[in-house]
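The structure presented is a predicted model; accordingly, all values stated were derived computationally and were not measured. As the structure lists them, so they are numbered: ligands from 1, and atoms in each ligand from 1.
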Amino acid sequence: MTAPLQIAPAHGTLGVLLVGMGAVSTTTIAGVCAIRKGLAPPIGSLTQMGTIRLGRRTEARIPRIKDFVPLADLNDLVFGGWDIFDADCYAAARTAGVLEPSQLEAVRSELEAIRPMPAVFDQRYVRRLDGPNVKMGKNKRDLAEQVVADIRAFKERHGCDRLVMVWCGSTEVYMTPTAAHATIASFEKALEESDESIASSMVYAYAAIREGIPFANAAPNLTADIPALLQLAARTGSPLAGNDMKTGQTLIKTIIAPGLKARLLGVRGWYSTNILGNRDGEVLDDPESFKTKEESKKSALDYIFQPQLYPELYKDLCHVVRINYYPPRGDNKEGWDNIDLVGWLGYPMQLKINFLCRDSILAAPIVLDSALFLDLARRAGMSGIQEWLSFYFKAPMHAPEVYPEHDLFIQLMKLKNTLRYMRGEQLITHLGREYYD
Ligand SMILES: NC(=O)c1ccc[n+]([C@@H]2O[C@H](COP(=O)([O-])OP(=O)(O)OC[C@H]3O[C@@H](n4cnc5c(N)ncnc54)[C@H](O)[C@@H]3O)[C@@H](O)[C@H]2O)c1
């Protein structure tokens, strides 16, 4: 056992700043408001409903996670954010069409009070969108300073003790790290020169991290995961998490694939296709935004199956991912997976999965949990990449010398062991010999 970490108490107000007030953000905010009023249960949220086993199984110590670590109370959260459309959160939630109008009506006044601040936006990075609520600036540095000013004004206005920021904006076009992303100095020079390798999402991330605010990326775009912002986070103490929330098909993939691998069943092909009709689907209809998503979605299977260790089972796996924009479905995505398996003596089998899910209903608890856990990390003095939050993400951030952990069950163990470590409790290895000695 190690000594517990010193964790500052979660007193006072936590400001949750969401970039992009679309389906995910509005469903998160409306959900928290409804839960606070006792109108709905926080299903899907580990911070609100999860438990954690401590010590030996015979001790029967299984507190709720929120009673074990000091998390901000939902009543102490205040939400704000930015969007290129100036509709208030109630109107935006109506447009998103995720929650029933009667449910939104019950929290209408809270939602109407949240108006998005003008966004840092450039259509070069999200080609299918355009909107009026956009900042003007001399260069990207100036825009970053405006975001810093927004953050400080929000904090002041709402009397926040602490803040967190989550990028819930649209998926930006595919980008790879460049020399401009290499150091804080090169990044700041690139901001000054409005270099095109600085996407809008990076401007927000820079502003948050410079202010020492925890930052999570709920989308797959290249944002905080660049050396310059990692260095900045180390300097300011900002904890980071991302990328791309693990919600529909990838969630199922990372539940099923570890099971197949555990039983050493081969997989020759995994074909995944989706229909989706919300604004996210519309943005992903642009091949450049889809490429960002595709890269994020495709990596999980390779890391779980480890074809380099099991070439007979997984070497030639054909993995195809498609997303089709189909407006009639709105936020109610439908995903189909066809998995071509190989069993004993090489006999083929098939597994079909048809998941009728609700995208933002699966995403909202992740936004909430990431915000609360990042705030906890900040108070515990943990900065930089928070690998224990991989559990929530399709393309988890990780140190350059290790591969990302995609197996949902290992991710959960890592998360819970991190909480035990924070509190100085024994880590659970599941060895269990002590019960039989
Ligand atoms: N299950 C899920 O819903 C899920 C899962 C994983 C990732 N994501 C990602 O989360 C993000 C949000 O998803 P959504 O369904 O809410 O999409 P959405 O289109 O409903 O909302 C995104 C919002 O971001 C705004 N926006 C775009 N660029 C902006 C900028 N530079 N500044 C401020 N606002 C900006 C848009 O105007 C829009 O209102 C997407 O990138 C999506 O790919 C969603």
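- For the side chain to side chain donor-acceptor pair (under 3.5 Å) test, residues two or more places apart in sequence or in another chain that qualify with Q306 are K261.
- The aromatic ring centroids of W388 and F373 lie less than 6.0 Å from each other.
- A donor-acceptor pair shorter than 3.5 Å cannot be found between the side chains of Y125 and E196.
- Side-chain contact check for R329 and N332: no donor-acceptor pair (N or O, by modelled atom type) lies under 3.5 Å.
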Using a cut-off of under 3.5 Å, which N/O atoms of ligand 1 pair up with protein N/O atoms, and what distance separates each pair?
unit_1, atom_1, unit_2, atom_2, d
ligand 1, 1 (N), T247, OG1, 2.9
ligand 1, 1 (N), D359, O, 3.0
ligand 1, 1 (N), D359, OD1, 3.3
ligand 1, 16 (O), A23, N, 3.1
ligand 1, 16 (O), V24, N, 2.8
ligand 1, 20 (O), A23, N, 2.9
ligand 1, 24 (O), S170, N, 3.4
ligand 1, 31 (N), V120, O, 2.7
ligand 1, 32 (N), Y204, OH, 2.8
ligand 1, 37 (O), D83, OD1, 2.7
ligand 1, 39 (O), D83, OD1, 3.4
ligand 1, 39 (O), D83, OD2, 2.7
ligand 1, 39 (O), R279, NH1, 2.8
ligand 1, 41 (O), G169, O, 2.7
ligand 1, 41 (O), T171, N, 3.0
ligand 1, 41 (O), T171, OG1, 2.9
ligand 1, 43 (O), T171, OG1, 2.9
ligand 1, 43 (O), D280, OD1, 2.9
ligand 1, 43 (O), D280, OD2, 3.4
ligand 1, 43 (O), K293, NZ, 3.0

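- Side-chain contact check for D369 and S45: at least one donor-acceptor pair (N or O, by modelled atom type) lies under 3.5 Å.
- Counted by atom type alone, T171 and N221 present zero donor-acceptor pairs between their side chains at under 3.5 Å.
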